[in-house]
Amino acid sequence: METKSRKASTSVGKAGYQQSISKDDLQSTVEHVLEATQFVDMHTHLFAPAFGKLGLWGIDELLTYHYLEAEFFRSSVMTPERYWSLSRKDQADAIWRTLFVENTPISEATRGVIAVLNAFDLPTDSPDLTEARAFFTAQRVEAHVRRVLQLAGVRRVVMTNDPLDPDEAPSWMKEIRPDPQFQAVLRLDRIIRGWSDTWRTLSSQGYAVNERLSGKSLAEIRRFISDWCHRMRPVYMAVSLPYTFQFPDDTSQSKILSEAVVPSCREFGLPLSLMIGVRYQVNPRLRLAGDAVGKADLGSLEHILRSYPENRFLVSVLSRENQHELCVYARKFNNLMPFGCWWFLNNPSIVEEITRERIELLGTSFIPQHSDARVLEQVIYKWRNTRSTLAPILAHSYRKLSEEGRSVTRQDIEKDVNRLFCSNFEQWTSKRTTGN
Ligand code: RAT
Ligand code: ZN
């Protein structure tokens, strides 16, 4: 009896016996630990201040986020063509009026803007944006970035860097100074998915490539990737893929993946991020907001994981229907790291379902979330929401564990939260090889 009660109130950790947490205190301890841990945001579309105008921030950018544009057209009679003809400021005014004044902003994306305004003590129910605009105009970008990341509880964000973006490439060519708070990612969509157009750009830059990928083409794509790895020092390479993605097949996409990208990842010791499941441009009139989702055949992912045991893959799938399969593949292949609840999945009800499923199948060996922020201040609400959705889920897991007879200490929770939100990613991006 005595031994049993002692077992229930203490556990042996590295630092000796540590106090176990009572069932009633589990949720508040988890909340404190989530609050106190500075996360790594492993996929965003943000830019370090040195990239100048590429880094989006402020109220007009927040309101013209493509998630909100999609919602705007549901509640406004304005045509997309008319909307695109407006200035950014007029677009933001139209969205504010429609989604925040004429309607109650209860969707996830609209509530996010309210949370950001509130975080800066700005009015959340004003008929116009005068005060919010004045506030953001008065900010200096470097200090604002620091303050926003601090409010979000984020220690570092990972960018998405497209070497073939004519607006972005010049900054890299000027050898931009590395910024410890912003890590680079070599995004390869144009090479992998758009080869029929992209080969001409590479050719014009002095790489001996052709559309058929004959001769030295694949070696030259590897040279291009190598040049950009030296220039950007990325933490991983990445591509987003359609729900119809097949691998292997008889396309330039398969060839470039297997003979250029995968070997380059091995050469540089970098993981490859595959974001699978987009139904591109189902409504092109909505531009960036015009993409949808489709269920993918993850047999292709299985083939990749089995064929390249020495490569590491970060994988996010967009369809809710693919989530369970992804967890099962992670149990079979330890070169797979599932990450994030991406885009249309980043809503509390779905995040909750996916995260519970992942914990039950994978313990702490996955990365629960990334923000996908395109506008700086979005990290404030996206990470706040992640913390509040995750707290009861983690607390529930620990409650179950203590009911089974294993007490839980604050150190356990700290270790787990750190693993989920920092070290799984950091270790995955710092190892050289896997599977051997
Ligand atoms: O979530 C998004 O903002 C999407 O538009 C995509 O950018 C997606 O996250 C991606 O990286 O392709
Ligand atoms: Zn993204």
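Residue indices begin at 1 and follow the sequence shown. In each ligand, atom 1 is the first atom listed, and ligand 1 is the first ligand listed.
- Remark: of the listed residues Leu314, Asp372, Val185, Asp372 is the sole one forming a side-chain contact (heavy atoms from CB on, under 4.5 Å) with His43.
- Arg312 and Asn335 form no side-chain donor-acceptor contact under 3.5 Å, judged by distance and modelled atom types alone.
- For the pair Arg155 and Phe421, the cation-pi test (distance below 6.0 Å, angle within 45°) is failed.
- For the Zn ion (ligand 2), the nearby protein N/O/S atoms, meaning those under 2.8 Å, are His43 NE2, His45 NE2, Asp372 OD1.
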N/O contact list for ligand 1, threshold under 3.5 Å:
{"residue": "ligand 1", "atom": "1 (O)", "partner": "Tyr67", "partner atom": "OH", "Å": "2.8"}
{"residue": "ligand 1", "atom": "3 (O)", "partner": "His66", "partner atom": "NE2", "Å": "3.0"}
{"residue": "ligand 1", "atom": "3 (O)", "partner": "Arg374", "partner atom": "NE", "Å": "2.9"}
{"residue": "ligand 1", "atom": "3 (O)", "partner": "Arg374", "partner atom": "NH2", "Å": "3.3"}
{"residue": "ligand 1", "atom": "5 (O)", "partner": "His66", "partner atom": "NE2", "Å": "3.1"}
{"residue": "ligand 1", "atom": "5 (O)", "partner": "Arg374", "partner atom": "NH2", "Å": "3.1"}
{"residue": "ligand 1", "atom": "7 (O)", "partner": "His45", "partner atom": "NE2", "Å": "3.2"}
{"residue": "ligand 1", "atom": "7 (O)", "partner": "Arg374", "partner atom": "NH2", "Å": "2.3"}
{"residue": "ligand 1", "atom": "9 (O)", "partner": "His45", "partner atom": "NE2", "Å": "3.4"}
{"residue": "ligand 1", "atom": "9 (O)", "partner": "Trp342", "partner atom": "NE1", "Å": "3.0"}
{"residue": "ligand 1", "atom": "9 (O)", "partner": "Asp372", "partner atom": "OD1", "Å": "2.7"}
{"residue": "ligand 1", "atom": "9 (O)", "partner": "Asp372", "partner atom": "OD2", "Å": "2.9"}
{"residue": "ligand 1", "atom": "11 (O)", "partner": "His43", "partner atom": "NE2", "Å": "3.1"}
{"residue": "ligand 1", "atom": "11 (O)", "partner": "His45", "partner atom": "NE2", "Å": "3.1"}
{"residue": "ligand 1", "atom": "11 (O)", "partner": "Arg187", "partner atom": "NH1", "Å": "2.9"}
{"residue": "ligand 1", "atom": "11 (O)", "partner": "Arg187", "partner atom": "NH2", "Å": "3.4"}
{"residue": "ligand 1", "atom": "12 (O)", "partner": "Arg187", "partner atom": "NH2", "Å": "2.7"}

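- The side-chain tip of Arg285 does not point at the ring of Tyr83 from less than 6.0 angstrom away and within 45° of straight on.
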Going by atom type alone, with no hydrogens or angles, which donor-acceptor pairs under 3.5 Å involve a side-chain atom of residues 134-147 and a protein atom two or more places apart or on another chain?
{"residue": "Thr137", "atom": "OG1", "partner": "Arg133", "partner atom": "O", "Å": "2.6"}
{"residue": "Gln139", "atom": "NE2", "partner": "Phe135", "partner atom": "O", "Å": "2.9"}
{"residue": "His144", "atom": "NE2", "partner": "Glu377", "partner atom": "OE2", "Å": "2.7"}

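- Closest approach of Leu46 to Arg374, counting heavy atoms only: CD2-C, 3.6 Å.
- Once rounded to the nearest 0.5 Å, the distance linking NE2 of His32 with CD of Glu35 reads 8.5 Å.
- A donor atom on one side chain and an acceptor atom on the other are not found under 3.5 Å apart for Gln369 and Asp41.
- Within the structure, the side-chain hydrogen bond (donor to acceptor under 3.5 Å, both in side chains) test picks out the following pairs touching residues 161-171 (sequence neighbours left out): Asn161-Glu168, Asp162-Arg190, Glu168-Trp172.
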